[in-house]
Amino acid sequence: MSFNLQKSDEEEDGKRSQKEREGEGGTSVEKDYKSKDKSTKGVQEDFSCKKIQTQFFFCSSKKGFTRIYNSVLFMGFLARAFQSFRPPPPKTCGSQDGPPITSPRIKLRDGRHLSYMEHGIPKETAKFKIIYIHGFDNCKEINIFALAASPALIEELGVYTVSFDRPGYGESDPHPERTLKSLALDIDELADQLQLGSKFYLAGLSMGGLLVWPCLKYIPHRLAGVVFISPGVNYWWPSFPSKLCNEVYYEMFKTDQWALRVVHHLPWLNYWWNTQKMVS
């Protein structure tokens, strides 16, 4: 009897100690399961972090590619716009792909050619020898002395005129580095090669009138007289009285005022408008 009681006491003590161990940390099987569960969660968390990093990298790469693509498109648009605003390279008359030469030309000191056309009586017997400078959208063929005056009047007055294509116009070679002084020297050389004598008259129509001014400055000793025919004026010249410029400027039509503003402030837009084909 006493043995059974002792055995039951030992069993109760064993169960009590087992419960205490379980209370402290659970059975060894549970501990292994918990450790495995923790390791699995760690792997899952690590995988989730890597997945998030991969997605972020993919999104960043996609945004970066989009920026590069948009930048390339924008640069292409700018290049296309620049080409449309930029004048094409000039084609020299008489060259392989250039227009033919149909009128006489002189060769200047720097190798360029200047095309000209003579009108009136022979210069050897003329009383008045006139060099005519055409306007902005004209050429040597538009000579008002030859077009407006009758041959009888020209002969009676003894007038000889020569008109020429300004550099880059008609059949004259372009001169990208031209200045007002260089044009005056071109006229001086034209008079020498045509043997017009020590002095001659100079006439300028519209924008051609602007080019009479540098001749008055750089070759005054060659001029017997000058004529301005409906001359164009640069209303932004600082040497002109501002009051007079404003008075004359605002007497023009509004459309002409705006046209001059555009040509002065946005010359590239003037070229685009004259060469575009969207609106004819």
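In what follows, residues are counted from 1 in the order of the sequence shown. On a predicted model such as this, the values are computed, not experimentally measured, just so you know.
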In this structure, are over 12 heavy atoms from other groups packed under 6.0 Å from [X] atom [atom1]?
| X | atom1 | value |
| --- | --- | --- |
| Lys217 | NZ | no |
| Glu141 | CD | yes |
| Glu177 | CD | no |

Mind checking whether His134 and Tyr169 have ring centres under 6.0 Å apart?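 Aromatic pair counts; centres sit under 6.0 Å.
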For the residue pair [X] and [Y], what are the closest heavy atoms and their distance?
| X | Y | result |
| --- | --- | --- |
| Asp165 | Cys139 | OD1-CB, 3.4 Å |
| Ala184 | Pro214 | CB-O, 3.9 Å |
| Gly111 | Asp173 | O-OD2, 4.4 Å |
| Ile142 | Leu147 | CA-CD1, 4.2 Å |
| Arg222 | Ala191 | NH2-CB, 3.8 Å |
| Cys215 | Leu223 | O-CD1, 3.7 Å |

Roughly how far apart are [X] [atom1] and [Y] [atom2], rounded to 0.5 Å?
| X | Y | atom1 | atom2 | result |
| --- | --- | --- | --- | --- |
| Glu171 | Thr102 | CD | OG1 | 3.5 Å |
| Ser172 | Lys140 | OG | NZ | 6.5 Å |
| Trp236 | Tyr249 | CH2 | OH | 4.5 Å |
| Ser115 | Ile101 | OG | CD1 | 8.5 Å |
| Ile121 | Glu156 | CD1 | CD | 11.5 Å |
| Ile219 | Asp188 | CD1 | CG | 5.0 Å |

Co-membership, hydrophobic cluster, residues [X] and [Y], 4.5 Å side-chain:
| X | Y | result |
| --- | --- | --- |
| Leu190 | Val159 | no |
| Ile229 | Leu157 | yes |
| Leu108 | Met117 | no |
| Met207 | Val226 | yes |
| Phe228 | Met252 | yes |

Side chain proximity check, [X] to [Y], heavy atoms < 4.5 angstrom:
| X | Y | answer |
| --- | --- | --- |
| Ile131 | Leu196 | yes |
| Arg166 | Ile133 | yes |
| Trp268 | Leu266 | yes |
| Gln193 | Leu114 | no |
| Phe200 | Ile187 | yes |
| Tyr201 | Val227 | no |
| Trp237 | Trp213 | yes |

Among Thr125, Leu194, Ile154, which one satisfies side chain to side chain contact (heavy atoms under 4.5 Å, CB included) with Tyr160?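 Single side chain to side chain contact (heavy atoms under 4.5 Å, CB included) partner of Tyr160 among Thr125, Leu194, Ile154: Leu194.
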Stepwise side chain to side chain contact (heavy atoms under 4.5 Å, CB included) check, Ser182 with His175: CA-CA 9 Å; Ser182 69; His175 188 200; 3.9 Å; yes
Not counting sequence neighbours, list each pair that qualifies as a salt bridge (charged side-chain N to carboxylate O under 4.0 Å, His left out) and has a residue in residues 112-126.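 Pairs touching residues 112-126 that pass the test: Asp110-Arg112, Arg112-Asp186, Glu118-Lys123.
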Please report the C-alpha distance between Tyr116 and Ile106 in whole Å, then the side-chain angles of each, then the deciding distance to 0.1 Å, and finally whether the side chain to side chain contact (heavy atoms under 4.5 Å, CB included) criterion is met. CA-CA 8 Å; Tyr116 67 93; Ile106 64 167; 3.7 Å; yes
